[in-house]
Amino acid sequence: MRFPPGFRFGMATSAYQIEGAFDVGGKAPSIWDTFTALPGTVRHGEDGRVGIDHYHRYAEDVEHIAAAGVRDYRFSISWTRALADPGFYDRLVDALLAAGVRPVPTLYHWDLPQDLEDQGGWLNRDTAYRLADYAGVVVRRLGDRVRDWITMNEMNVQTLYGYALTDHAPARGLGLEALPVAHHQLLAHGLAVQALRAGDAGAVGIANQHFPVYPASDDPADAFAAELFRGLTNWTFSDPILLGDYPDEMIRAGVGTSGAQLDRDLELIAAPLDFYGVNFYEPTAIEAPRAGKDYSGVLEVDIPEGLPFSPVPVKSDERTDFGWAIVPGALTEILVALRDRYPGLPPVIVTENGASFHDAAPDPSGRVRDPRRIAYLDAHLRAVEAAIDSGVRVDGFYVWSAFDNFEWAAGYDERFGLVHVDRETLARTRKDSWYWYRDLIAAHHNSGG
Ligand code: FCB
């Protein structure tokens, strides 16, 4: 594999998934603290109260990150922690810089303060302004050392899983009535860009999840359903940023803001970015709901009845242990599709890609063999290389994740880490994939990259 000089290899995590210390330093609860405390929300009833105790073990964790030779570390800032106990992020940022790693914080990775949820959460336009206030506080605190910023993570997943369905916090189950959540998060992004620029940020981007959506058959009804789903889960979250409008009239009407205010919002949302983050895991297949067919249990997520599309499993020979289809070519495909759709697409960074395999505990010699993760990452990096060869400008790739961590509603069974974390002792062990990634980065540098 060959990547352009200066290519930014990195690793990614998020606050709620690793930090723990859920109430240390006066940190107020987020919607994930509330959601995980409810019965039946998370597999095995697990939660992020302790996480992998990154809050207390950050110094060791920075060593695992830096020793791999990565240039960038993407983490997220917990909104409620940053307001109560910002010193933690000072320490983390200082440790990263001292180790030669560039900090790339995400302002918002799904952990909305619970008190804002109590006031309507992302259904309330005011939440966008509260996020901008918080962005201002954080950039004033860290902006002398942090140059690169990501505003929001996967607004589509929070809208869909958290507000349209009930799989994630805050579990509202509103179906298509969740569309205003998309608009308010996009507005929050636009306002945060403004606040970061006012704070003299170096580079500002976003991390959006994207994936190809395939119709399940040649039936025109399936093509129509897939087009609708593609618009709602992909373009709704990128067109406003990169084209200044929603993908179609139905969505425009559904976001609940209209007229001159919508025009002003869209202008703000479309402010230029320095990079565009793409999180990629797997493609989706969609069919038009077949009368009389029972879709319950078809996927791990239950889609309410009455929606005009039904996700069905993607045909694929290989799956991760999380059940996600392994289709590396779909990463090339979506990167090329983004380039073709958006003439002004900023340089892309793949801000998340990786796989959960249920790795065995370290063997007596301390080794964790994870050949399937290596194969997965190798294939996806080659897919990025293919996109670059097709003329897409991709400036970096961040592995999800640096460490095994709390995988939201799936709890701790799912292991995405390059570093293994023992659930009992919380001991960290570098997996074979960590060494593979280190060697790949070193080879890149040795060949002049
Ligand atoms: C993404 C999330 C990230 C992680 C991976 C596996 O959707 O952004 O936090 O859970 O999936």
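Numbering of ligands and ligand atoms starts at 1, following listing order.
Within the 4.5 Å cutoff, no side-chain heavy atoms of T106 are placed close to those of T151. Between Q185 and M152 the shortest side-chain heavy-atom distance falls below 4.5 Å.
Near Q17, the atoms of ligand 1 lying under 4.0 angstrom from a non-hydrogen atom of the residue are 3 (C), 4 (C), 9 (O), 10 (O). For ligand 1 and N153, the ligand atoms under 4.0 Å from any heavy atom of the residue are 8 (O). The atoms of ligand 1 that sit less than 4.0 Å from any heavy atom of H109 are 2 (C), 3 (C), 8 (O), 9 (O).
For F406, the ring-ring contact (aromatic ring centres under 6.0 Å, His included) partners at least two apart in sequence or on another chain are Y16, Y412.
A centroid separation of 6.0 Å or more is found between the aromatic rings of Y437 and W434. Between F237 and H189, a ring centre-to-centre spacing not shorter than 6.0 Å is recorded.
Between W408 and ligand 1, at least one N/O pair is under 3.5 Å apart.
Of the options W400, Y281, F416, the smallest heavy-atom separation from atom 11 (O) of ligand 1 is shown by Y281.
If you check which protein heavy atom lies closest to atom 3 (C) of ligand 1, you get E352 OE1, 3.4 Å. Looking from atom 10 (O) of ligand 1 to the surrounding protein, the closest heavy atom is E407 OE1, 2.6 Å. Annotation: atom 7 (O) of ligand 1 to nearest protein heavy atom, E154 OE1, 2.5 Å.
With a 4.0 Å cut-off on non-hydrogen atoms, E414 does not touch ligand 1 at all.
No heavy atom of V157 sits closer than 4.0 Å to any atom of ligand 1.
Ring geometry for Y376 versus H380: interplanar angle under 30°, hence parallel rather than tilted (30 to 60°). Taking the six-membered ring where the residue is Trp, Y246 and H183 present tilted rings, their angle falling between 30° and 60°.
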